[in-house]
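Chain identifiers are assigned alphabetically (A, B, ...) following the order of the sequence lines, protein sequences preceding nucleic acid strands; residue numbering begins at 1 within each chain. Note that this is a predicted model, so its numbers are computed, not measured.
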Amino acid sequence: MITMTHTLPPALQADNIHKRFGSLEVLKGISLTAHDGEVISILGSSGSGKSTFLRCLNLLEAPHEGRIALGGEDFKLKRLKDGSLVSADPRQITRLRASMGFVFQSFNLWPHMTILENVIEAPVMVRKTPRKQAVAEAEALLEKVGIADKRNAYPGHLSGGQQQRAAIARTLAMQPRVLLFDEPTSALDPEMVAEVLNVINGLAEEGRTMLLVTHEMRFARNVSTRVLFLHDGRIEEEGTPDKVFDDPASPRCRQFMASHR
Amino acid sequence: MNLHGFGPQLLQGTLMTVRLALSAVSVGLVLGLLGAIAKSSRHAALRLLGEGYTTIVRGIPELLMVLIVYFGSSTMIGAVLRQFGIDTYVELGPFLSGTVALGLTFGAYATEVFRGALLTVPRGQIEAAQSLGLGRWHCFHRIVLPQLWRIALPGLGNLFMVLLKDTALISVVGLDEIMRKAQIAVGDTREPFTFYGCAALIYLGLTVLTSGGLMALEHRANRGYRRARS
Ligand SMILES: Nc1ncnc2c1ncn2[C@@H]1O[C@H](COP(=O)(O)OP(=O)(O)OP(=O)(O)O)[C@@H](O)[C@H]1O
Ligand SMILES: [Mg+2]
């Protein structure tokens, strides 16, 4: 059994990701392997490159160096004149992106569509799921995140917490292999944080593979199988939650943990 | 008011004016969208093309534009056909010339309206579409365009009202629209006040109708936004 799991390709693998904005080097070689069912939290102070790293993984941002593979399939990349790497295959990238759910800090729901329309858009337009089936699946997902009653409301009429839960449902509708969360609760009023974290916790318990950038330290510690601490574009500390939170080798990580309790 | 039997003529002219305005606005909306896309493009050549189009068209008085399209088109089509060894005289005719001239003008101004609207669609919404695997065309047509429309509608409505009145210019090349029908009636009856007054009332009526139509369109486009915009 154990040897079996080792022969499976990792759900997501990134090797030596570099990224710069102009002359500012933001990522200085980050590698990460996420196996199926792992929940990896990425911590670090503001500007350490957490969002940039996450965005490089589905090529919302063009890295300058590195290799990315989803379920063992390498992203086909080509180099632009400015040195950055973009997808060399539009069909592959849309397919791979659809298998990597991305949840944004600012929800990014489409304001001209109802919640239900937001959720079925990609399944119907990209996956070609029959509309009736897509609606049934969407309703089940909205039920799951606890906003079934808002299916016909527009995003502008929902609270922040409800919008983020809708955005999570929209992402789940594509049945992604991996979920990427970029500070999903940072734009929320404090009283709405818990409802979103509950949904994310539920997903972790289902055994979903997730990368989670967050400042919710207690939650990260409870939900993660592994924690990365980023500093200045590098992985400064990596290990089990207990190790990284209680006994980090890096003084910087220790200081960060102390200042975030 | 005694119209000396010219009532049906004025009605025909009104229909012609409406037809011309609608066909010119269709051409103009397409040109405006293309212009905005060109001007927002990553490619310098496309940006230059868009810039050239709006600069030239906006720099030429509309009356001149109508005359250039009407008289210039037959010369140009003739020259092109001659290259293929065909020697015939082809002209666009007043209606098509009017459509082209007014459409070009509307498109040039609409380019700026659409370009401004393009900037208001938050980048994050496009990233959300990309992250779900929507391709470029889906993203434009399903996410960007409906929102563009909402933002651009008031500006486009204004341009349409200007266009509606500019249709009067096409009377100079002999299109039987309101203005020309009124001129004919005046020539016949020597009652300029009656018929120019009538024409003015008709334009005013059309503008009021347009205004109502626009309000309905805006109301529709704003579904989901009322009370929103936190
Ligand atoms: N589009 C951009 N253009 C230029 N610089 C950028 C851009 N995006 C990010 N940066 C810079 O890259 C660095 C890393 O940014 P990033 O957003 O990845 O940090 P972060 O760890 O997510 O921080 P936070 O906790 O504040 O979200 C910062 O110095 C930021 O200013
Ligand atoms: Mg960030």
(request) May I have all residue pairs that pass salt bridge (Lys or Arg N to Asp or Glu O under 4.0 Å) and include part of residues 121-138 of chain A, sequence neighbours excluded? (result) A:E121-B:R142
(message) Is A:I93 in contact with chain B via its backbone, its side chain, both, or neither, using a 4.5 Å heavy-atom distance?
(response)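 Neither; nothing under 4.5 Å.
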(request) Measure distances from A:M125 to the heavy atoms of chain B and classify the residue's part below 4.5 Å as side chain, backbone, both or neither. (result)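 Both the backbone and the side chain of A:M125 come within 4.5 Å of chain B.
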(message) Nearest 0.5 angstrom please: A:R97 CZ to A:Q92 CD, how far?
(response) 11.0 Å
(request) Could you pull out all residues at least two apart from A:F53 that satisfy ring-ring contact (aromatic ring centres under 6.0 Å, His included)? (result)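 Checked A:F53 against ring-ring contact (aromatic ring centres under 6.0 Å, His included); zero matches.
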(request) Using a strict cut-off of less than 4.0 Å between a Lys/Arg side-chain nitrogen and an Asp/Glu carboxylate oxygen, indicate whether B:R150 and B:E218 qualify as a salt bridge. (result) no
(message) Between B:E177 and B:R19 (salt bridge meaning N to carboxylate O under 4.0 Å), is one present in this structure?
(response)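 Judged by the 4.0 Å cut-off on N to carboxylate O distance, B:E177 and B:R19 do not form a salt bridge.
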(request) Over 60° means perpendicular and under 30° means parallel, so classify the ring planes of A:H157 and A:Y154, tilted if in between. (result)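 Perpendicular.
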(request) Report, by ascending residue number, the residues of residues 59-88 of chain A in heavy-atom contact with chain B at a distance under 4.5 Å; give 'none' if the set is empty. (result) A:L60
(message) My understanding is that only residues two or more places apart in sequence, or in another chain, count here; which of them pass salt bridge (charged side-chain N to carboxylate O under 4.0 Å, His left out) with A:D182?
(response) none
